[in-house]
Amino acid sequence: MNALIERRLEELTELKNKNFETYAYSFDVNNYSNDIKNNYEALEGKDVSIAGRIMALRRMGKASFAHIQDKLGKIQIYLRGDDIGPEYEAFKLMDIGDIIGVTGYVFKTKTGEISVHGRSLKLLSKSIRPIPIAKETVDEQGNKVVHDQFADKELRYRQRYVDLIVNPEVKDTFIQRSKIISEMRRYLDNLGLVEVETPILQPLYGGASARPFISHHNALDIDLYLRIADELYLKRLIVGGFDGVYEISKDFRNEGMDRTHNPEFTMMEMYVAYKDYIWMMETVENMVASICNTVYGTTKFTIEGKEIDFTPPWDRMSMVDELLKVTGLDVLKATKEELTAALKKFGGEPEKNTSKSALIDELFEASIQFKITQPTFVIDYPVELSPLAKKHRTKEGLVERFEGFVLGREICNAFSELNDPLDQRQRFEAQVKMREEGDEEAHQVDEDFLRALEYGMPPTAGLGVGIDRLVMLLANQPSIRDVILFPQMKPEKKEKAE
RNA sequence: GGGUGCGUAGCUCAGUGGUAGAGCAUCUGCCUUUUAAGCAGAGGGUCGGUGGUUCGAGACCACCCGCGCUCACCA
């Protein structure tokens with residue numbers, strides 16, 4: 001197994017013996033691959049200095065071609081022994097994967113490929129582990145065909161650094177992710193919101209229904225929880241007089257992993273005083289449309305083969321009205337037995353000891369949610385499902401809450417925030433009862449949060465957006481692992497030291 | 001956690017019980033405009049692991065490890 005590595009170590013030793021530097025300190029780069037290709041007319045015959053990783057090698061005795069890859073892409077270099085002198089001896093000891101710096105002039109080869117004719121060459125870093133390099137051809141239609149592409153998903157996730165080197169579209173996905181977050185931040189800043197940081201280690205976890213990771217503080221000798229949401233701290237800041245705040249950061253939930261769940265994931269939460277959920281719906285659709293336009297230049301996407309249009313306004317759908325239409329049940333008046341029967345009719349499997357509100361939620365998922373394709377706000381949820389949302393101003397038994405769905409998947413959750421401290425205390429108490437009845441994910445009572453509400457919180461609209469899922473949609477990636485650089489994996493078997 | 005599929009050379013993959021294979025990558029030789037460079041040759045394997053069945057196992061059986069898909073749980 002080590003034959004390839006041993007060979008490279010020998011080359012490394014040989015380079016050192018010949019007094020070639022093998023791990024350089026710096027190199028002055030003044031051009032990049034695709035910039036050179038895009039500005040050929042201006043650069044033809046001019047000297048450029050580029051640096052990158054050797055991705056292909058074609059040696060022909062005393063001259064060689066290679067492709068090097070930098071941050072923008074690949075470009076061919078041409079090296080002749082006559083031109084670069086003794087460095088050509090070093091070049092003979094270089095491999096695919098080595099990082100080099102090249103200075104030379106821009107030219108086109110016989111076949112018309114824009115290339116750099118090297119005048120000098122410097123090894124910047126010797127690679128001693130072979131990279132799983134793929135080769136490319138172009139078919140009759142002019143499409144790129146990649147041969148033997150590095151495809152092993154396990155290795156790609158575990159060794160993302162290799163994935164990024166050899167699969168350019170992976171890097172592109174993460175650049176898209178970065179741009180989406182940047183544009184979101186810019187949009188929220190322009191709304192006048194203040195970006196804040198609140199505790200990740202929390203003595204009580206709240207703001208969502210989920211099981212937490214538990215840690216321990218030695219000096220205080222107390223357990224602390226990794227947050228499952230930011231909500232209760234951000235609302236404390238609204239109490240404190242910030243009119244609008246947001247936070248973009250990791251939350252942690254100690255639950256199963258699958259295509260749409262990673263134990264740590266990125267959430268954007270925002271809270272804006274004096275606004276309600278109606279305002280928030282408009283803000284969400286406008287913000288997403290703005291991100292789409294800035295990052296992709298359009299609000300119309302093809303995602304998983306379906307045309308999706310993020311152009312505002314998005315559809316609004318009342319949860320209970322739609323359930324009445326689809327199932328014929330007035331879910332607020334229906335009994336648990338009726339709900340269970342309806343759920344079974346739609347192929348759902350009701351959990352034992354499930355509350356009525358949970359049954360309504362499951363019925364909604366089974367009968368309606370999965371069919372939602374275009375961006376849609378589902379509004380007005382049963383009160384039991386939403387212990388932090390404000391009671392609906394006109395509809396009994398409901399709260400002012402919406403979730404945004406695209407392609408059957410939730411991308412955001414928002415309410416008119418509950419600011420009545422007495423009501424909030426009752427809701428927490430109802431959660432305590434659910435916990436006692438076995439619901440591990442019921443909320444805890446947060447007395448300090450209640451105390452904050454007792455000082456008075458203005459009417460407030462709040463929102464949470466799952467960034468990973470938003471990126472999955474816009475970048476058209478099927479798994480959350482494809483939008484998280486280092487997704488959680490089971491521990492690797494210990495390899496023998498190499 | 002359940003179901004299901006997969007794990008063979010650095011990578012991508014063939015191999016249905018009888019000597020471990022191919023392409024690319026690597027190495028040697030030739031080659032100063034090649035581009036999946038070419039030509040000639042060579043090396044490279046604990047077939048995920050442990051047991052078992054068998055005269056004989058990469059293949060069959062059991063268990064274990066890891067990954068994918070899917071269901072459940074869960075946003």
Side-chain angles (χ1 to χ4, degrees), chain A residues 1-8 10-11 55-67 74-84 88 95-97 107-113 115 117 127-139 144-159 162 166-167 207-211 228-229 251 253-263 265 267 347-351 354 358 361-362 365 369 385 403-405 409-413 440-441 464-466 468-469 478-481 487 489-496:
Chain A
M1 134 97 207
N2 285 335
L4 298 175
I5 293 174
E6 275 169 25
R7 170 65 200 170
R8 284 169 175 236
E10 284 166 20
E11 286 170 342
M55 297 298 282
L57 262 179
R58 291 176 293 281
R59 301 183 198 269
M60 298 169 303
K62 297 182 184 65
S64 298
F65 287 94
H67 274 93
K74 292 180 191 171
I75 190 164
Q76 180 169 256
I77 57 171
Y78 178 52
L79 301 170
R80 298 198 309 183
D82 291 350
D83 298 324
I84 62 171
Y88 199 77
D95 294 293
I96 288 172
F107 78 114
K108 262 187 194 172
T109 63
K110 270 185 191 169
T111 54
E113 179 163 353
S115 308
H117 189 129
S127 165
I128 59 169
R129 196 175 275 268
I131 61 174
I133 197 74
K135 292 202 171 187
E136 288 174 6
T137 49
V138 179
D139 67 14
K144 246 185 215 172
V145 180
V146 181
H147 302 265
D148 302 336
Q149 185 164 31
F150 181 50
D152 185 308
K153 284 208 169 166
E154 179 176 359
L155 285 178
R156 288 182 48 205
Y157 294 142
R158 288 193 194 279
Q159 300 184 33
V162 177
V166 301
N167 291 323
S209 301
R211 284 179 288 171
I228 58 173
D251 287 345
R253 298 189 185 175
N254 204 341
E255 283 155 2
M257 290 154 57
D258 62 27
R259 209 177 67 237
T260 56
H261 296 83
N262 196 65
F265 60 100
M267 183 80 101
E349 199 48 57
E351 289 294 297
T354 293
D361 196 38
E362 284 182 48
E365 281 181 35
Q369 181 184 322
L385 286 176
E403 294 188 309
F405 291 96
R409 295 185 233 154
E410 182 204 338
I411 58 166
C412 68
N413 181 20
E440 281 183 71
E441 279 138 15
V465 177
D468 310 281
R469 291 180 180 182
S479 166
I480 200 167
R481 290 183 156 180
M489 302 286 282
K490 287 192 188 177
E492 198 172 3
K493 259 186 290 182
K494 270 182 196 152
E495 282 182 41
K496 271 179 256 169

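So that the names make sense, note that chain A is the first sequence line, chain B the second, and so on, each numbered from 1. From a predicted model like this one, the values you see are computed outputs, not experimental measurements.
When heavy atoms are screened at a 4.0 angstrom cut-off, A:Glu10 is found touching no nucleic acid atom at all. Across all strands shown, A:Arg253 has heavy atoms under 4.0 Å from sugar-phosphate atoms exclusively, and none from any base. As judged by a 4.0 angstrom heavy-atom cut-off over every strand, A:Asp82 is placed among the base-contacting residues. Using a 4.0 Å heavy-atom distance criterion, A:Phe150 is classed as a sugar-phosphate-only contact. When heavy atoms are screened at a 4.0 angstrom cut-off, A:Asp258 is found touching base atoms of the nucleic acid. Using a 4.0 Å heavy-atom distance criterion, A:Gln76 is classed as a base contact. Residue contacts for A:Ala151: at a heavy-atom cut-off of 4.0 Å it reaches the sugar-phosphate backbone alone, with no base atom in range. Looking at heavy-atom distances under 4.0 Å, A:Arg80 makes contact with a base. Nucleic acid contact class of A:Glu403 (heavy atoms, under 4.0 Å, all strands): base. Using a 4.0 Å heavy-atom cutoff across all strands shown, A:Ala210 reaches sugar-phosphate atoms only and no base atom.
Side-chain proximity of A:Arg7 to the nucleotides B:C74, B:C67, B:U26 is greatest for B:U26. Candidate nucleotides B:C24, B:U33, B:U26 were compared by shortest atom distance to the side chain of A:Met60, and B:U33 ranks first. Looking at the side chain of A:Thr109, the nearest of the listed nucleotides B:A25, B:U34, B:C74 is B:U34. Looking at the side chain of A:Asp148, the nearest of the listed nucleotides B:U32, B:G23, B:C27 is B:G23. Of all nucleotides listed (B:U12, B:U32, B:C27), B:U12 comes nearest to the side chain of A:Asp152. Listed nucleotides B:U28, B:G68, B:C24 differ in distance to A:Arg481; the shortest reach to its side chain belongs to B:G68.
Distance A:Leu57 CG to B:G38 P: 14 Å, rounded to the nearest Å. What separates CG of A:Asn262 from P of B:C73 is a distance of 20 Å, to the nearest Å. Here B:G68 presents its P atom at 8 Å from NZ of A:Lys153, a figure rounded to the nearest Å. The nearest whole Å value for the distance from the CZ atom in A:Arg129 to the C1' atom in B:A25 is 16 Å. Taking atom CD on A:Glu6 and atom C1' on B:G43, their separation rounds to 12 Å, with Å as the unit. Rounded to an integer number of Å, the gap from A:Glu410 CD to B:C74 C1' is 11 Å. When rounded to the nearest whole Å, the span between NZ of A:Lys62 and P of B:C31 equals 5 Å. Look at CD1 on A:Ile128: it is 22 Å from P on B:A25, rounded to the nearest Å.
The phosphate of B:A25 has neither OP1 nor OP2 within less than 4.0 Å of any side-chain N or O from A:Arg59. Not one side-chain nitrogen or oxygen of A:Arg58 sits closer than 4.0 Å to the OP1 or OP2 atom of B:U34. OP1 and OP2 of B:C67 both lie 4.0 Å or more from every side-chain N or O belonging to A:Arg156. At the phosphate of B:C65, neither OP1 nor OP2 sits under 4.0 Å from any side-chain N or O atom of A:Lys490.
B:A14 and B:C6 are spaced 11 Å apart, taking the P atom of each and rounding to whole Å. For B:G18 and B:G58, the P atoms lie 11 Å apart once the distance is rounded to whole Å. Taking atom C1' in both B:C30 and B:G10, one finds a spacing of 27 Å when rounded to whole Å. Atom P of B:G17 sits at a distance of 12 Å from the matching atom of B:C61, rounded to the whole Å. Rounded to whole Å, the separation between the C1' atoms of B:C60 and B:G15 comes to 16 Å. Distance check on atom P: B:G43 versus B:A37 gives 24 Å, rounded to whole Å. The P atoms of B:U46 and B:A40 are separated by 30 Å, rounded to the nearest whole Å. A gap of 22 Å separates the P atoms of B:C31 and B:C24, to the nearest Å.
The CZ atom of A:Arg156 sits 5.0 Å away from atom CG of A:Asn167, with the distance rounded to the nearest 0.5 Å. One finds the CE atom of A:Met60 at 10.0 Å from the CG atom of A:Leu79 (value rounded to the nearest 0.5 Å). One distance of note links CZ of A:Arg481 with CD of A:Glu154; it measures 9.5 Å at 0.5 Å rounding.
With a 4.5 Å cut-off on side-chain heavy atoms, A:Asp95 and A:Ser127 do not count as touching. The side-chain heavy atoms of A:Asn254 and A:Pro263, taken from C-beta on, include no pair separated by under 4.5 Å. Counting heavy atoms from C-beta outward, A:Arg469 and A:His261 have side chains that approach closer than 4.5 Å.
Ring planes of A:His117 and A:Tyr78: perpendicular class, angle over 60° (limits at 30 and 60°).
With sequence neighbours left out, A:Glu441 forms a salt bridge (Lys or Arg N to Asp or Glu O under 4.0 Å) with A:Arg211. A:Glu11 pairs by the salt bridge (Lys or Arg N to Asp or Glu O under 4.0 Å) definition with A:Arg7, A:Lys126, not counting sequence neighbours.
Heavy-atom nearest nucleotides on RNA chain B were determined for A:Gly61 and for A:Phe405, and the one closer to the 5' end corresponds to A:Gly61. Residue-to-nucleotide proximity on RNA chain B shows that, of A:Ile131 and A:Pro478, the 5′-proximal contact is made by A:Ile131.
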Self-check item: A:Ile131/A:Met55 under side chain to side chain contact (heavy atoms under 4.5 Å, CB included): CA gap, chis, key distance, verdict
Solution: CA-CA 9 Å; A:Ile131 61 174; A:Met55 297 298 282; 4.1 Å; yes
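A:Glu113 contributes no side-chain N or O that forms a donor-acceptor pair with the base of B:U34 under 3.5 Å. Contact annotation: side chain of A:His147 to base of B:C24, donor-acceptor pair absent below 3.5 Å.
Stem regions annotated for RNA chain B: B:1-7 with B:65-71, B:10-13 with B:21-24, B:26-30 with B:38-42, B:48-52 with B:60-64, counting only runs of 3 or more consecutive pairs of Watson-Crick or G-U type with both contacts under 3.5 Å.
Side chain to side chain, A:His67 and A:Glu113 meet the donor-acceptor criterion of an N or O pair below 3.5 Å.
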